[in-house]
Amino acid sequence: MLDPFDPDCFIVSANVHIIGIEPRISRVLELPVKLNFAQLHEVLQAAFGWTDSHLHQFHVGGLTVGAPEFNEDDLYGPRTFEATGVRLQDLAFPYEADPTLTIIYEYDFGDCWRHQICLRRQPRENGTAYPRCVAGRRSGPPEDVGGYSGYAHFLEAWLDPAHEEHKAMRRWVGRKFDPERFDLDATNKAIARALRASKGDYRFRRVPRS
């Protein structure tokens, strides 16, 4: 019988989609409760095909979680809590029959990709390795495409052979890109590689932490 107070009995299911894009670009992830937010960042980067080329932050309730060394406004703005020090098991889920918790992951403050993450606890499956992606829809947008409006313009040109920018867009992003494609096996391999490379922290940091 599951012990509701034993975190090792549970994992966290995360339904994630990029806000503002229809049809949705989404992923369903299953995460170990001991995963910290730096590792969660690496999982999300791999799951959506991002390249970790820009800044990011998590909005958890009224708190900001991320890499404090990148917050140049820390003296005047809200404090950024160190992502390696916050784990999924630290989150307080509401006391309801089917409790969920929603947080926001923001990536690339220029393009402003905001991801809504709906978290739910569920029983761990014996013999299953976590984290893993179990479902997804559509390919993530290319890096530096210009946010929501830029992506809409990109798709218009990419899909229309008669568009004046069609060939340029195809060359820029590569002919293999397909906005409707999602490869579950490739996504899980990318997640595994990212976590091995990160070793429990961010793969890239501005300064070493003391």
Side-chain angles (χ1 to χ4, degrees), residues 12-31 35-74 76-84 86-88 90-94 99-120 131 133-156 158 173 177 179-182 187 190-191 194 198 202-204 206:
V12 173
S13 174
N15 283 271
V16 192
H17 72 271
I18 300 177
I19 298 171
I21 294 181
E22 293 293 342
R24 280 188 175 182
I25 299 173
S26 63
R27 304 290 184 265
V28 181
L29 306 169
E30 293 182 346
L31 310 167
L35 200 76
N36 67 46
F37 273 66
Q39 293 171 305
L40 178 57
H41 161 75
E42 300 292 347
V43 170
L44 291 167
Q45 287 286 303
F48 283 91
W50 300 123
T51 61
D52 206 3
S53 302
H54 301 279
L55 300 181
H56 76 281
Q57 60 189 4
F58 291 91
H59 301 284
V60 184
L63 303 179
T64 300
V65 178
E69 67 266 25
F70 289 106
N71 189 349
E72 297 177 351
D73 297 323
D74 192 50
Y76 306 100
R79 174 186 174 187
T80 298
F81 288 84
E82 168 59 49
T84 58
V86 183
R87 299 181 182 273
L88 291 176
D90 298 326
L91 301 178
F93 286 80
T100 61
L101 184 66
T102 299
I103 65 176
I104 299 295
Y105 171 67
E106 185 177 358
Y107 172 64
D108 186 349
F109 300 161
D111 281 7
C112 194
W113 298 115
R114 292 170 61 84
H115 306 64
Q116 179 176 295
I117 307 176
C118 185
L119 303 172
R120 177 182 286 106
C133 181
V134 296
R137 293 182 59 195
R138 309 185 74 211
S139 177
E143 294 275 7
D144 301 313
V145 75
Y148 308 104
S149 61
Y151 187 50
H153 175 77
F154 164 82
L155 287 179
E156 180 183 355
W158 190 90
V173 79
F177 178 80
E180 302 304 322
R181 185 171 183 266
F182 170 73
T187 298
I191 289 172
S198 67
Y202 288 117
R203 285 178 292 171
F204 308 110
R206 177 179 291 177

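Residue indices begin at 1 and follow the sequence shown.
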request  = In sequence, state the C-alpha distance, the side-chain angles, and the governing distance for S13 and V28, and then conclude on side chain to side chain contact (heavy atoms under 4.5 Å, CB included).
outcome  = CA-CA 7 Å; S13 174; V28 181; 4.3 Å; yes
request  = Take F37 and F81 through the test side chain to side chain contact (heavy atoms under 4.5 Å, CB included) and record every step on the way to the result.
outcome  = CA-CA 10 Å; F37 273 66; F81 288 84; over 6 Å; no
request  = Could you tell me whether a side-chain N or O of N36 sits under 3.5 Å from a main-chain N or O of V86, the two making a donor and an acceptor?
outcome  = no
request  = Evaluate side chain to side chain contact (heavy atoms under 4.5 Å, CB included) for R138 paired with I21, printing each intermediate quantity in order.
outcome  = CA-CA 11 Å; R138 309 185 74 211; I21 294 181; 3.8 Å; yes
Sequence neighbours excluded, every pair satisfying salt bridge (charged side-chain N to carboxylate O under 4.0 Å, His left out) that has a member inside residues 42-61 = E42-R203
ask   = Between R24 (side chain) and I18 (backbone), is there a donor-acceptor pair under 3.5 Å?
value = no
ask   = Mind checking whether T100 and N15 have side chains closer than 4.5 Å, heavy atoms only?
value = no
request  = Rounded to the nearest 0.5 Å, what's the gap from OG1 on T51 to CG on D144? Could you check?
outcome  = 7.5 Å
ask   = Roughly how far, to the nearest 0.5 Å, is the CG atom of D108 from the CG atom of L55?
value = 8.5 Å
task = Name the orientation class of the two ring planes belonging to W50 and Y107 (parallel below 30°, tilted from 30 to 60°, perpendicular beyond 60°).
result = tilted
note = Note: I103 and V60 closest approach over all heavy atoms is CG2-CG1, 4.0 Å
query = Centroid-to-centroid, F48 to Y105, below 6.0 Å?
reply = no
inquiry  = Let me confirm one number: the NE2-CZ distance from H17 to R27, rounded to the nearest 0.5 Å.
reply    = 12.5 Å
inquiry  = Could you report the tightest heavy-atom contact between E106 and F109, atom names first, then the distance?
reply    = OE2-CD2, 3.8 Å
ask   = For the residue pair P99 and P94, what are the closest heavy atoms and their distance?
value = CB-O, 2.9 Å
request  = Indicate the atoms forming the closest heavy-atom contact of C133 with L29, along with that distance.
outcome  = CB-CD2, 3.7 Å
query = Just how far is it from atom OG1 of T84 to atom NE2 of H41, taken to the nearest 0.5 Å?
reply = 12.5 Å
query = Could you state the interatomic distance from CD1 (I191) to CG (L31), rounded to the nearest 0.5 Å?
reply = 8.5 Å
query = Yes or no on side chain to side chain contact (heavy atoms under 4.5 Å, CB included) for I104 and Q116, after CA distance, side-chain angles and deciding distance?
reply = CA-CA 5 Å; I104 299 295; Q116 179 176 295; 4.2 Å; yes
ask   = Does the side chain of E143 come within less than 4.5 Å of H54's, by heavy atoms?
value = yes
ask   = So, the side chain of Y148 versus the backbone of I19: is there a donor-acceptor pair under 3.5 Å, distance only?
value = yes
key: Considering all heavy atoms, the nearest L119-A14 contact   = CD2-CB, 3.6 Å
key: Parallel, tilted or perpendicular: ring planes of F154 versus Y151, cut at 30 and 60 degrees   = parallel
ask   = Do you know which two heavy atoms are closest between F177 and G140, and how far apart they sit?
value = CE1-O, 3.7 Å
message = Just verifying a value: how many Å separate E69 CD and Y202 OH, rounded to the nearest 0.5 Å?
response = 8.0 Å
